[in-house]
Amino acid sequence: MDRSLTKGAVDFIEEERIFEALSQKEDAGKVAAVLAKSMEKKPLTLDETAALLVVRDERLLESLFDAARKLKRDIYGNRIVLFAPLYIGNHCVNDCLYCGFRRSLKTTVRRSLSDEELVSEVKGLENQGHKRLILVYGESPLYTPEYIAHTVRIVYQTKEKHGEIRRVNINAAPLDIAGFKTVKEAGIGTFQVFQETYHKPTYAEYHPANTIKGDYMWRLNAMDRAFEAGCDDMGIGALFGLYDWKFEVLGLISHALHLQGRYGVGPHTISFPRIQPANGLDFALKHPVSDKDFKHLVAVLRLAVPYTGLIMTAREKESLRNEVMQFGVSQIDAGTRLEIGAYHEKESASENQALEKEQFRIADNRSLDDTIRWLVRQKFIPSFCTSCYRVGRTGEHFMEYAIPGFIGKFCTPNALMTLAEYLKDYGSPSTVEAANELIKEELAAMPEGDLKSRLLERLSDLERNGTRDRLF
């Protein structure tokens, strides 16, 4: 692998500037002005984002949450995109102190899926009703770009009855430009690389210097290499709990502003997982993030980067996921199983986790069907939509559609179509009943016109003829 950085690579995390921004005093007038800018769907600067992060007054916090709720509804409507993680292998050459897969942990059970096991895993996911996956790999010579591309192709080729995976995202080690090109050619969606922590001293503390991941700049430059390889859907993230959560938020915003400034496209998604118990995790967190602070950081991210998808995982408990979805989150996982092979070897996600075989503990182990029923009862539309990616509305093209608000013409009908497919093929009776009521309500609220007529025709065609995968 070529360990060169991109030409003109820069360290865009200006720590002094971040600390200076966070030193400002809470200012109600400034908060009001920043929220007004957010409501115009304009990205915020570091200083403006910091003005929201330092808020502590309860009334100001509530105005911040109200603005995030409204902005989320204005841009994303009431849709929640669903996906599942699929762990391919947990061999790893890194030694990250917080990870259950670290190389020095001798109690970890190491495994990589064979091609046959991968097919069985995908069929298990398809039989639940999943259409969107993120494949997860350790950092190991076993998991080359060619290997990753090979597994992606297997996933796309595997069909079970009416099931198929329509979008495969990737969470893997940073690649060089040639490696990103190889993976891109396999038809991936989003490629995720989390910086874990943007604070350099903390990064060095948790990622030993004698490992690949110990190279801060190699990781920080990963999304630049991906863009230069032709990948235009990128996912960034930080692992909250390693350092001060407000600093990490500004690190994420710095990363988003850098990508937008250099490539004209910000990250497609931002993730914000909190550290959870894991096999061999035996140190106390120096910077724990409370539920209150977690809600605060998600709301600020929504206000700071209006058109970036926000992903909340099953690390978080059901009650908190319920609350946070209201004002920021646009994607969640469901029916999650982290043990390699568990989608076809275990009966359900509710079985006790074997942490020596998994990366961390999850807090929400409900099935996909239970999650869908939970969402529709709260008037969210569970969506398996993959339309934008598959018809070319990605990267700069996505921004052309999204920023003026035109994305609403595609997202709601696509969400309703994919929900109707799920109900026809996989839904339990109670979920079908609840979701059909929501679909009726959504159709009644939709303005009369060509879009509604086409949606009604396609829903009827699905019911009468079983015609699936009709894209808007």
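Hydrogens, waters and symmetry mates play no part in the numbers below; they use all other heavy atoms, side chains included.
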Residues which pass ring pair (Phe, Tyr, Trp, His ring centres under 6.0 Å) with [X], listed by chain and number, not counting sequence neighbours:
X      : result
Tyr243 : His199, Phe247, His287
His258 : Phe12
Tyr203 : His207, Tyr216
Phe380 : none

Polar side-chain atom of [X] near backbone of [Y] as donor-acceptor pair, under 3.5 Å:
X      : Y      : answer
Thr202 : Tyr198 : no
Arg302 : Thr308 : yes
His130 : Ala334 : yes
Asn78  : Lys379 : yes
Gln276 : Ile362 : no
Asn414 : Cys385 : no

Ion pair present between [X] and [Y], side-chain N to carboxylate O less than 4.0 angstrom?
X      : Y      : result
Arg321 : Asp333 : yes
Glu421 : Lys424 : no
Arg468 : Glu164 : no
Asp66  : Lys70  : no
Arg69  : Glu62  : yes
Arg274 : Asp291 : yes
Glu345 : Arg111 : yes

Should the pair Phe65 and His296 be assigned to parallel (<30°), tilted (30 to 60°) or perpendicular (>60°) ring geometry?
perpendicular
Exercise. Look at the rings of Tyr263 and Phe227 and say which category their plane angle falls in: under 30° parallel, 30 to 60° tilted, over 60° perpendicular.
Key: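 The arrangement is parallel - the two ring planes meet at less than 30°.
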With Phe294 as partner, the option from Phe240, Trp245, Phe272 fulfilling ring pair (Phe, Tyr, Trp, His ring centres under 6.0 Å) is Phe272
Result for side chain to side chain contact (heavy atoms under 4.5 Å, CB included) between Leu82 and one of Ile372, Thr418, Leu419 points to Ile372
Here the gap from Glu160 atom CD to Ile165 atom CD1, rounded to the nearest 0.5 Å, amounts to 11.0 Å
Residue pairs passing the side chain to side chain donor-acceptor pair (under 3.5 Å) test with at least one member in residues 85-97, sequence neighbours excluded, are Tyr87-Gln359, Asn94-Glu139, Asp95-Ser104
So ring-ring contact (aromatic ring centres under 6.0 Å, His included) across residues 358-378, not counting sequence neighbours, yields none
